[in-house]
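Just below is one structure, and these are the notes that go with it.
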Amino acid sequence: MKRLCSTLLAISLLLTASPVLAWGTKGHMMINKIGASLFPASMPAFVRSRDAIAELAALGPEEDRLKGSGPAWDHDNDPGHFLDIGDDNTVAGVVRLDDLPADFDAYDAALRAAGTTPYKDGYVPYEILEGWDQIRQDFGYWRVDNYEATHAATPVAQAYFVRDRALRQTLTLRDIGVWGHFVADASQPLHITIHYNGWGDYPNPNGYTTAPIHSMFESAFVSRVSTDTAMTKLVSTYAPTNPAALLTQKQMLATIGAYLADTAATVPTLYDIEKSGGFRNATPQAVHFVDVQLAHGAGEFRTLTALAWEDSLNAGVGYPVVQVRDILSGKTPFGFKGFGDD
């Protein structure tokens with residue numbers, strides 16, 4: 001594991017220094033790296049170490065690197081990177097960010113009733129939610145492994161949980177790093193709009209460009225102007241929640257929807273900056289704008305990951321399901337059978 005993390009650190013440093021990589025590669029690495037560097041001290045050390053941060057940064061671009069894996073993979077996964085929000089602040093006139101359907105099936109049904117599908121209009125909020133659920137469960141299993149490594153009934157059992165904890169740490173870092181890609185995409189204004197690469201064939205009273213600008217903004221411009229130092233200064237302060245009750249999917253969708261709404265609201269500003277030549281001339285307004293959006297992604301990555309850690313106390317693990325809180329309190333023994341009595 002240490003050798004792997006050292007290798008990933010080297011890759012991270014090399015890629016960050018390259019002038020041709022972006023949001024795209026540079027932006028995704030920056031968001032994961034800065035977000036992870038700001039994880040609160042209440043989170044376990046295995047996600048906060050220097051090697052862990054380097055690994056999370058290196059995994060940031062992974063979902064873009066996997067594009068082109070094949071028609072089946074691309075069809076099912078590529079729409080998880082975006083959401084086509086219209087000028088009426090809805091998806092296809094029927095789905096609002098402040099009232100997202102309860103799950104992907106309900107979202108799919110709403111769009112199909114409007115004559116479209118999630119595979120056309122995107123489904124990034126559900127990609128974020130699904131990944132958050134998985135990371136929360138990862139942390140729940142890690143909490144149990146960590147507890148049983150010293151509290152299991154026999155030395156053999158303790159050794160088993162020590163090994164399982166090491167595996168869970170590897171899996172958790174991988175899950176967080178890859179999932180961070182979608183959180184980052186949701187802070188890129190051109191991923192949360194129908195005007196994703198030029199204004200397109202829509203009413204255009206402000207005379208915004210219809211030329212392709214997506215790659216210019218997220219790749220060339222980020223690579224040209226953005227720095228870790230400027231971005232870090234703009235990340236919001238973390239406010240812990242320490243939830244006593246299980247967070248509902250409705251609450252999480254409301255949190256994700258609000259994040260996406262903040263991003264969608266910046267689309268006209270992006271096009272105003274482009275129209276004034278701000279990206280071409282790297283004006284202070286343009287540089288600040290892109291740094292704010294990167295910082296927004298890093299802050300959300302930090303906050304949602306920390307929230308998954310906090311709420312993992314409310315998770316249920318094993319089969320039959322046992323509550324993490326009950327295991328850690330000593331109320332319910334876990335042991336080998338917790339992973340299935342077969």
Side-chain angles (χ1 to χ4, degrees), residues 23 27-28 31 35 79-104 106-108 110-111 114 116 118 120-133 179-197 199-200 202-203 206 208 213-214 217-218 231 234-239 241 247-274 285 288-308:
W23 188 16
H28 279 293
I31 286 171
H81 296 251
F82 66 89
L83 192 69
D84 283 349
I85 293 291
D87 294 329
D88 61 354
N89 293 316
T90 72
V91 183
V94 294
V95 173
R96 303 199 321 264
L97 289 174
D98 63 354
D99 190 24
L100 289 167
D103 54 35
F104 183 86
Y107 175 62
D108 178 76
L111 291 192
T116 185
K120 179 179 182 296
D121 291 326
Y123 56 84
V124 71
Y126 298 93
E127 193 76 63
I128 294 172
L129 178 62
E130 179 183 326
W132 185 86
D133 285 343
W179 166 77
H181 183 98
F182 301 106
V183 179
D185 277 346
S187 71
Q188 211 282 53
L190 298 178
H191 277 254
I192 313 298
T193 178
I194 56 175
H195 310 296
Y196 55 85
N197 197 21
W199 198 254
Y202 302 97
N206 294 313
Y208 293 140
I213 62 170
H214 195 110
F217 173 72
E218 73 173 12
M231 176 183 160
L234 295 169
V235 178
S236 61
T237 302
Y238 176 67
T241 58
L247 285 170
T248 66
Q249 297 288 277
K250 184 176 182 179
Q251 288 172 317
M252 288 307 303
L253 280 171
T255 297
I256 294 166
Y259 170 50
L260 296 175
D262 287 345
T263 300
T266 67
V267 172
T269 302
L270 186 154
Y271 276 92
D272 283 333
I273 293 171
E274 190 286 327
Q285 182 192 20
H288 181 71
F289 178 83
V290 75
D291 285 344
V292 166
Q293 292 311 120
L294 290 166
H296 192 37
E300 196 72 9
F301 174 67
R302 180 270 329 272
T303 297
L304 288 178
T305 308
L307 192 58

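- Without hydrogens or angle criteria, Asn197 side chain to His214 main chain gives a donor-acceptor distance under 3.5 Å.
- Shown here for Ala186 and Ile128, the closest heavy-atom pair between the two residues is CB-CD1, 3.9 Å.
- Remark: the backbone N or O of Thr269 is not paired with any side-chain donor or acceptor of Thr266 at under 3.5 angstrom.
- Nearest heavy atom pair, residue Leu247 against residue Met252, reads CD1-SD, 4.1 Å.
- Put simply, the side chain of Asp88 gets close to the backbone of Thr90: a donor and an acceptor are under 3.5 Å apart.
- Taking the six-membered ring for Trp and the full ring otherwise, the centers of Tyr107 and Tyr126 sit less than 6.0 Å from each other.
- Side-chain atoms of Ser187 come within 3.5 Å of backbone atoms of Ala184 as a donor-acceptor pair (strictly under, hydrogens ignored).
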### Message
Show, in sequence, the C-alpha distance, side-chain angles and deciding distance for His296 and Asp262, and conclude whether the side chain to side chain contact (heavy atoms under 4.5 Å, CB included) test is met.
### Response
CA-CA 9 Å; His296 192 37; Asp262 287 345; 3.6 Å; yes
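- Here the shortest heavy-atom pairing between Tyr238 and Ala306 reads OH-CB, 3.3 Å.
- Counting only distance, with no hydrogens or angles, the side chain of Tyr123 and the backbone of Asp108 share no donor-acceptor pair below 3.5 Å.
- Judged by distance alone, the side chain of His191 and the main-chain N or O of His81 form a donor-acceptor pair under 3.5 Å.
- What you find for Met231 and Ala298 is that their closest heavy atoms are CE-CB, 3.5 Å.
- No donor-acceptor pair under 3.5 Å is formed between the side chain of Ser236 and the backbone N or O of Gly299.
- Contact detail for Ile194 and Gly86: the closest heavy-atom pair is CD1-CA, 3.8 Å.
- Once rounded to the nearest 0.5 Å, the distance linking CG of Asp103 with CD of Glu130 reads 11.5 Å.
- A 4.5 Å side-chain heavy-atom check between Gln188 and Phe217 finds at least one atom pair inside the cut-off.
- Between Pro101 and Val95, the closest heavy-atom pair is CD-CG1, 3.7 Å.
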### Leu294 and Leu234: CA distance, side-chain angles, deciding distance, side chain to side chain contact (heavy atoms under 4.5 Å, CB included) verdict
CA-CA 9 Å; Leu294 290 166; Leu234 295 169; over 6 Å; no
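- Between Thr255 and Thr303 there is no side-chain heavy-atom pair separated by less than 4.5 Å.
- Aromatic pair Tyr196/Phe82: centroids not less than 6.0 angstrom apart.
- Taking CG of Leu100 as the reference point, atom CG of Leu129 lies at 9.5 Å (rounded to 0.5 Å).
- The shortest distance between side-chain heavy atoms of Asp185 and His28 falls below 4.5 Å.
- Between Asn206 and Trp199 the shortest side-chain heavy-atom distance does not fall below 4.5 Å.
- Distance alone, capped at 3.5 Å, places no donor-acceptor pair between the Tyr202 side chain and the Asp87 backbone.
- How far CD1 of Ile85 is from OG1 of Thr263: 10.5 Å, rounded to the nearest 0.5 Å.
- A distance of 10.0 Å separates OH of Tyr208 from OH of Tyr271, quoted to the nearest 0.5 Å.
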### Query
Between Ile192 and Val267, is a side chain to side chain contact (heavy atoms under 4.5 Å, CB included) present by the stated rule, with each step listed?
CA-CA 8 Å; Ile192 313 298; Val267 172; 5.8 Å; no
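- Here the CD-OG1 distance, from Glu300 to Thr305, works out to 9.5 Å after rounding to the nearest 0.5 Å.
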#### Entry: Verdict with reasoning, His181 to Ile31, per side chain to side chain contact (heavy atoms under 4.5 Å, CB included)
CA-CA 9 Å; His181 183 98; Ile31 286 171; over 6 Å; no
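- Here the straight-line distance linking atom CG of Leu253 with atom CG of Leu260 works out to 10.0 Å at 0.5 Å rounding.
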